[in-house]
Amino acid sequence: MVGSRATSGVEVQLDLAGPRVRSGLEHELREAVRQGRLAPGTRVPSSRTLARDLGIGRNTVADAFGQLVAEGWFVARHGAGTWVADRSLADASAESLAGSPRAPGADRAEAALRARFDLRPGLPDLAGFPRAEWLAAARRALAVAPDEALGYGDPRGLAVLREALAGYLVRARRVAASPGRIVVCAGFTQALELLGAVLHDRGATRVAVEAYGHRLHRDILATCGLATVPVPVDERGAVVAALDGIGGGVGGVLLTPAHQFPLGVALDPARRRQVVGWAADSGSLVVEDDYDGEFRYDRQAVGAVQSLAPDQVVYAGTAAKSLAPGLRLAWLVLPAGLVDEVVEARQRRGLFPSALDQLTLAELVVSGGFDRHVRRARLAYRRRRDRLLSDLARHAPQVEVSGIAAGLHALAHLPAAGPTEAEIVARAADHGLALEGLGAFTYHEPARRGPALVIGYGTPPDHAYTATLARLTAVLSP
Ligand SMILES: Cc1ncc(COP(=O)(O)O)c(C=O)c1O
């Protein structure tokens, strides 16, 4: 069976020489994945088809597939077929199978791969995306959408989505929302750029930001011509009293009140009132980045600051954590007086999210599929968080964890006397584990706390979570 070619489904050249057909087939398929001939996400032919094409027994092929699934090279979906897995996961699982024979060339291939275990913050579990529900919602939505929905449409976003979001936000996040004040954007990133442009056009030269945060957001504000001024953050959230002495030219303050990114604390109720008072007195805006507000575990969801003062606060939500960042869908609920300026800024840039995705998200929300998905995901993330806490308590009791009441990340405080953040991150990299230290999210040194790690426990797929935590505790154990 030299040079056999599977002719049904995807085309892939497999050389099956030698007497050990099953192990030869496994080896050939692994090599095909490693060398990129079978790309991640490719659906592999059925065992029946491949057996027929190669002239070997179907059970032999099924057994080889089973082994490759167990090693993480392939992913099987019951009754639906088998796909080539993400390569980084494949090598992760292959390595975690103690004593399993490594195929030739594995070391070289692995050297080229990026970290195989990932606990950096920023991503939800992408394998948990509700594919079937999304597809069903897309089908239903497109079947009934009027032709006009496929035109350029309303520059605020499709009315059907803005209506669905208004209902959801009032109900689930206690936002004072109405469809007319919502602008759908291509991610929070675009939303921030539009707000930055509007503030700059209004004459602002600076925006206050939390002293710990996302570097990208500061960079975006800088590209809008706005300098960023850090506000300290303590265990009750941003120290908004610092805004009082901040001086002129400040167009607003960017906050993450529900779950501070990255420290994980919630903004204290008194400070919520204080910051909207500051905004009203100074004629500035509060931008409330509610990036992971759907995921609160320990008590009743913390409502939106926006509900206290809808004319001072811009509420920003995103599908990046609740569904997937690749959708590039986010929404602003704006003070009435800001809607036209944001829409104009958007029109100048010509960046609109896809109408098909907007129709689908609207249908998912209205049908209740979005709420069901969020509830499922919340439970799954809560379990992950609990696993993280119990594994660290058992194997690395010197590490204290905070910021755990919500979201997809927690802060792991390292003992000051032990290895530095950078040493731990480097040690983890040697174990194939990608970690990020708090330093990566620190705006300026005087505010610096630490050492600590920002652990994104939402990032790994379910099947890799146990192995990923094992790496983490190995790296941190005293
Ligand atoms: C603090 C914060 N805000 C917002 C977002 C969402 O950004 P986007 O909607 O552009 O994906 C993220 C995503 O990682 C984030 O970490």
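Throughout, residue positions are numbered sequentially from 1 according to the sequence presented. What you see below is based on every heavy atom in this structure, not just the backbone, and it leaves out hydrogens, waters and symmetry mates. Each ligand, and each atom within it, is numbered from 1 in the order the structure gives.
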Say whether, by atom type as modelled, one donor and one acceptor occur between the side chain of H409 and the main chain of P262 under 3.5 angstrom.
yes

Among all protein non-hydrogen atoms, which one is nearest to atom 15 (C) of ligand 1, and what is the separation to 0.1 Å?
H214 CD2, 3.6 Å

Check: of R328, K321, H217, min heavy-atom distance to atom 13 (C) of ligand 1 comes from K321

Side chain or backbone of F188 under 4.0 Å from ligand 1, or both, or neither, by non-hydrogen atoms?
both

Looking at R348 and E344, is any side-chain nitrogen of the basic one under 4.0 Å from a carboxylate oxygen of the acidic one?
yes

Backbone N/O of L438 and side chain of Y212: donor-acceptor pair under 3.5 Å
no

Could you find the nearest protein heavy atom to atom 2 (C) of ligand 1 and give me its residue, atom name and distance?
D289 OD2, 3.4 Å

List ligand 1 atoms under 4.0 Å from G122, heavy atoms only on the residue side.
14 (O)

Do the ring planes of Y291 and H259 sit parallel (below 30°), tilted (30 to 60°) or perpendicular (above 60°)?
parallel

Are R387 and Y465 in a cation-pi contact, defined as NZ or CZ under 6.0 Å from the six-membered ring centre and within 45° of the axis?
no

For G187, counting its heavy atoms only, list the atoms of ligand 1 lying under 4.0 Å from any of them.
9 (O), 10 (O)

Please state which protein non-hydrogen atom is closest to atom 5 (C) of ligand 1 and give its distance, to 0.1 Å?
Y291 CB, 3.9 Å

Near T189 (heavy-atom distance under 4.0 Å), the atoms of ligand 1 are 8 (P), 10 (O)

Between F441 and F261, is the gap from one ring center to the other below 6.0 Å?
yes

